[in-house]
Amino acid sequence: MLDLTGYDLVLASTESALNSSIAYANFWKVTIDYQLNPDVTVDKSPGLGDAKISAPTLRLSGIDLAGNQAAVTLKFTAGTLRYVDVIKGTILEQDITDWTIVFAANLGQGSVPGNADTGQLPAEVQSALSNELLSVGQLFLELSTVVWANVTITDAGGKRVTDAIVTATLETSLQGWAQSIETAAQQWVLNYVVTSSNGSGSASGNLLTDLVPTSYNFSVSEYDPSGEYDDLSTLNYLMMTEGKTAPTANSAGIFDFNWVAGPNTQQYQGAVAIDGPLFDRAYVEPLLLPAIAAAVSATKTTSTGSIASTSSPGVPTFTRTGPGSWSTSQSVDLYGNQHGGKGQKLEGFGILQAVYQNIIEKLDCTVTLDPASATYHVKVTYTAE
C-alpha cells in the first residue's frame, strides 16, 4: 500500500480473532484466593475465596474506549466475596457465581518473558520463538494501568451492583490479584508481533531488520456499517521502522475502511499492510529482483556500468519503471570481439571469400506487481539475430 495514513506497517486483528487468541491464556483456569489483609486468618480478611472466571471476552469499539484500549468482560463461574459489615465490624460473605465485571484495559507490547510457559501457544508461535533473525513479541492487556474504580459490576440476574462496600472490596481484591500476576503478563496476551533479534534499524547483511518495528501506536477500525459483523472491528497495531517515531497527528493511523470484510470470517481474521516503497526497498529490490535476475541469466554490472567479474558480482540491471514495476533490457554480442569486430569466421565456404557470422542475443524482462492479487508477474523474452 502507498498510503497507511502516516505509518509504515499495520497489523490489524479482528475482535473475534483476539477473543480466539486469548483462549490460549491460562489465568481464568486457576482458582483465585486473595486476602486484602494477609496478616489474619482467611475468615477475618476481606477478599476473594475459591473464585473462578470463564474465558474473558473483549470489545474494541465504543465511545467509552480510547484507540489503545479494549473493554474486558470477566464472568465468575464460582466464588465468594468476603467484605466488612461496617456496622457490626464482622466479615460477611457474598456468593458471586455468575457475577460479571467489565473494565477498560490499555494495550501494550513487549517481549515474551524467558520463563514463560509457551506450551499452550500455537505451534507457529512456538517455532518462531527460536528464530535466529527475528523474535516474537506480544501484544497484551496492561493490568497495572486498569482504573478499577471505573468498572461495571452486575449480579447473576443482570442487575447493577451498587453497594459501595461490596463493589469497593471486589475492585480492590481484583486489583491486588492482578498486580500479583503482573509479572506473568503473557497470560493476558492478545496477539504476537515480530521484533529483531539483532537490534532495531538497518543492519548490513540483514535485510529483515528494515521491516522491524522501532515505534508503535494503536487504533481501532470500527466495522462499517455497524450491526451483523461488529466482531470484525479491528485492533490496528501501527508500526514505524528504521528508527522513526510514531506520528503525533490525530488523523494518523485512523482508517475509514474495513480491514476484514464480512461474511468471510472463516477465511481470515486479520490483515498485514506494508508501505509500498518500504517493501520495495527492504525486500523486492535487494532480495526478489536478484533471484529473478539469476533465474533468467540477467547480466550484472558494477557501479561503473561495466560487466562485473566473478570477484565483484555487482547488482542486477533492473530499472524501476514505475510504482511496483521494474525492467531490464540487455544485449550480448557473442562474437563481436573476434576478427576486428567482424565476428566468428565460418569454415567451409571456399578460399576466395571469408564468411563471418555474429549473433546478438537480447533479453527483455519485466517484473510487475498486481496489487489486486498481491502477485508479482515476470515476463521474459529472449531473441537472437
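Please read all numbers here as calculations on a predicted model, not as lab measurements.
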Undergrad: Between the main-chain N or O of L92 and the side-chain N or O of R82, is there a donor-acceptor pair closer than 3.5 Å?
TA: no
Undergrad: We want to know whether W326 and E285 form a side-chain donor-acceptor pair, criterion being a heavy-atom distance below 3.5 angstrom.
TA: yes
Undergrad: Of all residues at least two apart in sequence or in a different chain, which pass the ring-ring contact (aromatic ring centres under 6.0 Å, His included) check with Y216?
TA: F218, Y237
Undergrad: Working to the nearest 0.5 Å, report the span between CG of L174 and CD1 of I32.
TA: 6.5 Å
Undergrad: Using a 4.5 Å cut-off on heavy atoms from C-beta on, say whether the side chain of D50 contacts that of D33.
TA: yes
Undergrad: Between the side chains of T31 and K52, is a donor N or O closer than 3.5 angstrom to an acceptor N or O?
TA: yes
Undergrad: Heavy atoms, side chains only, cut-off 4.5 Å: are I292 and V367 in contact?
TA: yes
Undergrad: Could you tell me whether D43 atom CG has more than 12 heavy atoms of other residues or ligands within 6.0 Å of it?
TA: yes
Undergrad: Between K362 and Y382, is any pair of side-chain heavy atoms under 4.5 Å apart?
TA: no
Undergrad: D231 and R59: salt bridge (charged side-chain N to carboxylate O under 4.0 Å, His left out), yes or no, with the steps?
TA: CA-CA 8 Å; D231 64 345; R59 172 174 55 85; over 6 Å; no
Undergrad: Please check if L369 and L288 belong to a single hydrophobic cluster, counting links between Ile, Leu, Val, Met, Phe, Trp and Tyr side chain heavy atoms closer than 4.5 Å.
TA: yes
Undergrad: Under a 4.5 Å cut-off applied to non-hydrogen side-chain atoms, are W99 and V161 in contact?
TA: yes
Undergrad: Kindly indicate, with the supporting measurements, whether the criterion side-chain contact (heavy atoms from CB on, under 4.5 Å) is fulfilled by T234 and F255.
TA: CA-CA 10 Å; T234 55; F255 305 100; over 6 Å; no
Undergrad: Going through the checks in order, is the side-chain contact (heavy atoms from CB on, under 4.5 Å) test met by V84 and K44?
TA: CA-CA 9 Å; V84 177; K44 295 182 179 180; over 6 Å; no
Undergrad: Look at the side chain of T80 and the backbone N and O of D95, then say whether any donor-acceptor pair between them is shorter than 3.5 Å.
TA: no
Undergrad: Looking only at atom types and distance, does a side-chain atom of D85 sit under 3.5 Å from a main-chain N or O of G89, one as donor and one as acceptor?
TA: no
Undergrad: Do H377 and D370 touch side chain to side chain, with heavy atoms closer than 4.5 Å?
TA: yes
Undergrad: Is there a path of hydrophobic side-chain contacts, each under 4.5 Å between heavy atoms of I, L, V, M, F, W or Y residues, that connects L232 with L65?
TA: no
Undergrad: Take S221 and N236, measure what side chain to side chain donor-acceptor pair (under 3.5 Å) needs, and give me the verdict at the end.
TA: CA-CA 7 Å; S221 293; N236 308 318; 2.9 Å; yes
Undergrad: Between P46 and I91, is there a side-chain heavy-atom distance shorter than 4.5 Å?
TA: yes
Undergrad: Using the rule given for side-chain contact (heavy atoms from CB on, under 4.5 Å), can you reason through Y83 versus Q94, listing the C-alpha separation, both sets of side-chain angles and the distance that settles it, and then say yes or no?
TA: CA-CA 8 Å; Y83 64 98; Q94 170 67 54; 3.9 Å; yes
Undergrad: Do I274 and L287 belong together in a cluster built from hydrophobic side chains that touch within less than 4.5 Å?
TA: yes
Undergrad: Using side chain to side chain donor-acceptor pair (under 3.5 Å), reason through T366 and T368 one step at a time and then give a plain yes or no.
TA: CA-CA 6 Å; T366 59; T368 307; 4.7 Å; no
Undergrad: Roughly how far, to the nearest 0.5 Å, is CG of D163 from CG of L170?
TA: 11.5 Å
Undergrad: Side-chain heavy atoms nearer than 4.5 Å, only ILVMFWY residues, links allowed to pass through others: does that put L58 and I63 together?
TA: no
Undergrad: Find out whether L36 and T169 are in side-chain contact, i.e. whether some heavy atom of one side chain is under 4.5 Å from a heavy atom of the other.
TA: yes
Undergrad: Restricting to non-hydrogen atoms, name the atom on D224 and the atom on N258 that form the minimum distance, rounded to 0.1 Å.
TA: O-ND2, 2.8 Å
Undergrad: Without swapping roles, check the side chain of Q179 against the backbone of G176 for a donor-acceptor pair under 3.5 Å.
TA: no
Undergrad: Does any N or O in the side chain of D8 come within less than 3.5 Å of the main-chain N or O of T241, such that one atom is a donor and the other an acceptor?
TA: yes
Undergrad: Does one hydrophobic cluster hold both L107 and I254, with members joined at side-chain heavy-atom distances below 4.5 Å?
TA: no
Undergrad: Which heavy atom of V284 sits nearest to which heavy atom of P290, and what is that distance?
TA: O-CD, 4.3 Å
Undergrad: Give a yes or no on whether the backbone of K244 and the side-chain of S215 come within a donor-acceptor separation of less than 3.5 Å.
TA: yes
Undergrad: Give a yes or no on whether the backbone of T41 and the side-chain of S45 come within a donor-acceptor separation of less than 3.5 Å.
TA: no
Undergrad: Do you know which two heavy atoms are closest between E142 and G108, and how far apart they sit?
TA: OE2-CA, 3.5 Å
Undergrad: Assess the side chains of T57 and N19: does a donor N or O sit below 3.5 Å from an acceptor N or O?
TA: no
Undergrad: Do S13 and Q269 pass the side chain to side chain donor-acceptor pair (under 3.5 Å) test, and can you show the C-alpha distance, the side-chain angles, and the key distance before you say yes or no?
TA: CA-CA 6 Å; S13 296; Q269 290 196 340; over 6 Å; no
Undergrad: In Å and rounded to the nearest 0.5 Å, what is the CG to OG1 distance from N106 to T145?
TA: 3.5 Å
Undergrad: Could you tell me whether the side chain of T5 and the main chain of A252 form a donor-acceptor pair under 3.5 Å?
TA: no
Undergrad: How long is the gap from NZ on K75 to CD1 on I96, to the nearest 0.5 Å?
TA: 13.0 Å
Undergrad: State the OH-OG distance between Y223 and S233, to the nearest 0.5 angstrom.
TA: 9.0 Å
Undergrad: Specify the closest pair of heavy atoms between C365 and V378, including all atoms of both residues, with the distance to one decimal.
TA: SG-CG1, 3.9 Å
Undergrad: If I compare all heavy atoms of F76 with all of I101, which pair ends up nearest, and what's the gap?
TA: CE1-CG2, 4.2 Å
Undergrad: Going through the checks in order, is the side-chain contact (heavy atoms from CB on, under 4.5 Å) test met by T73 and F103?
TA: CA-CA 7 Å; T73 299; F103 58 89; over 6 Å; no
Undergrad: To the nearest 0.5 Å, how far apart are CE in M239 and CG in L11?
TA: 5.0 Å
Undergrad: Minimum heavy-atom separation for A149 to E171, with atom names?
TA: CA-OE1, 3.8 Å
Undergrad: With a 4.5 Å cut-off on side-chain heavy atoms, are E222 and D230 touching?
TA: no
